[in-house]
Amino acid sequence: SDAIKSGAISVTSNQGDILFGTDATRTGRSAVQIGHGGRGASAGTSGSITVSAPNGAIRFHGVLANDDNNHREGYAHLGHGGRDAVATHGSAGDLIDVDAGGDIEFLAGGSVSDGQNVAGREAYAQLGHGGYDASGDHAGDIEIDAGGNILFDTRGASGDRSYVHLGHGGYLTSGSMSGAIRVNQN
């Protein structure tokens with residue numbers, strides 16, 4: 001719907017890991033997201049987001065296919081917006097707070113190419129508001145605390161126009177982006 005989406009979101013695992021990953025057995029356009037919006041959402045969004053795994057890792061994996069079964073346009077996103085979600089996402093005073101006792105990983109892309117298609121084409125993993133082709137003004141602070149490693153990485157050959165992103169915005173996204181980003185590794 002075109003109604004504005006707002007409100008705080010909190011996801012906590014006290015006993016283990018949090019994994020949000022697209023399904024490599026599905027073909028095309030699979031997505032996972034913590035945040036208001038989603039693919040093609042056209043309404044503004046706001047509200048703070050907290051994701052916490054004090055005794056585990058937090059992992060967001062966007063299309064990590066090792067074959068080309070038309071795996072494309074999939075994403076794993078922590079923030080408001082999503083692919084083609086053209087609107088204002090987040091507002092001043094909003095906070096995306098990610099806290100893990102272990103590792104924090106954001107991975108996307110693929111590892112094979114047949115010359116025309118590459119596994120993971122236009123796939124992304126993002127921590128922040130916006131997304132792939134999600135123009136608009138995006139605001140809010142981001143804070144990451146990890147007891148282990150922090151990894152933002154495209155995998156293998158990475159599909160055409162694939163990316164991994166920390167911050168607001170995204171590939172083919174324009175508009176005003178504002179807010180502080182704090183990264184702490186303990």
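- Classification of D133 and R83 as a salt-bridged pair fails, no side-chain N sitting under 4.0 Å from a carboxylate O.
- For the pair G62 and A123, the tightest heavy-atom approach, listed with the atom from each and the gap, is O-CB, 4.0 Å.
- Remark: the backbone N or O of Y132 is paired with a side-chain donor or acceptor of Y163 at under 3.5 angstrom.
- Using a distance-only test at 3.5 Å, with no hydrogens or angles considered, no donor-acceptor pair links the side chain of D103 to the main chain of A57.
- Between Y124 and H77, the ring-plane angle classifies as perpendicular under the 30° and 60° cut-offs.
- Without hydrogens or angle criteria, D84 side chain to R39 main chain gives no donor-acceptor distance under 3.5 Å.
- Cluster annotation: L151 and L78 are assigned to distinct hydrophobic clusters (Ile/Leu/Val/Met/Phe/Trp/Tyr, side-chain heavy-atom contacts under 4.5 Å, transitive).
- With hydrogens and angles ignored, the 3.5 Å screen pairs no side-chain donor or acceptor of H61 with any backbone N or O of F20.
- The main-chain N or O of G47 is found under 3.5 Å from a side-chain atom of D94 such that the two form a donor-acceptor pair.
- Criterion: ILVMFWY side-chain heavy atoms under 4.5 Å apart, direct or through other members. Under it, I150 and V164 are part of a common hydrophobic cluster.
- Between the side chain of H80 and the main chain of H129, no donor-acceptor pair closer than 3.5 Å is present.
- You'll find the side chain of I96 stays beyond 4.5 Å of the side chain of D141, heavy atoms only.
- When all heavy atoms are compared, the tightest approach of A85 to A134 is O-CB, 3.4 Å.
- Nearest approach of F106 to Q126, heavy atoms of both residues: CE2-O, 3.5 Å.
- Nearest approach of H138 to T173, heavy atoms of both residues: NE2-CG2, 3.9 Å.
- In this structure the side chain of I18 reaches within 4.5 angstrom of the side chain of V11, judged on heavy atoms.
- No path of Ile, Leu, Val, Met, Phe, Trp and Tyr side chains, each step under 4.5 Å between heavy atoms, connects L19 with I104, placing them in separate hydrophobic clusters.
- Residues meeting the side chain to side chain contact (heavy atoms under 4.5 Å, CB included) test with E143, sequence neighbours left out: L95, D97, D145, R182, N184.
- The backbone N or O of G44 sits nowhere less than 3.5 Å from a side-chain atom of T88 that would complete a donor-acceptor pair.
- In this structure, H168 contributes its side chain and G179 its backbone to no donor-acceptor pair below 3.5 Å.
- Note on residues 43-56: pairs passing side chain to side chain donor-acceptor pair (under 3.5 Å), not counting sequence neighbours, are T45-H89.
- Side-chain atoms of Q15 do not come within 3.5 Å of backbone N or O of A53 as any donor-acceptor pair.
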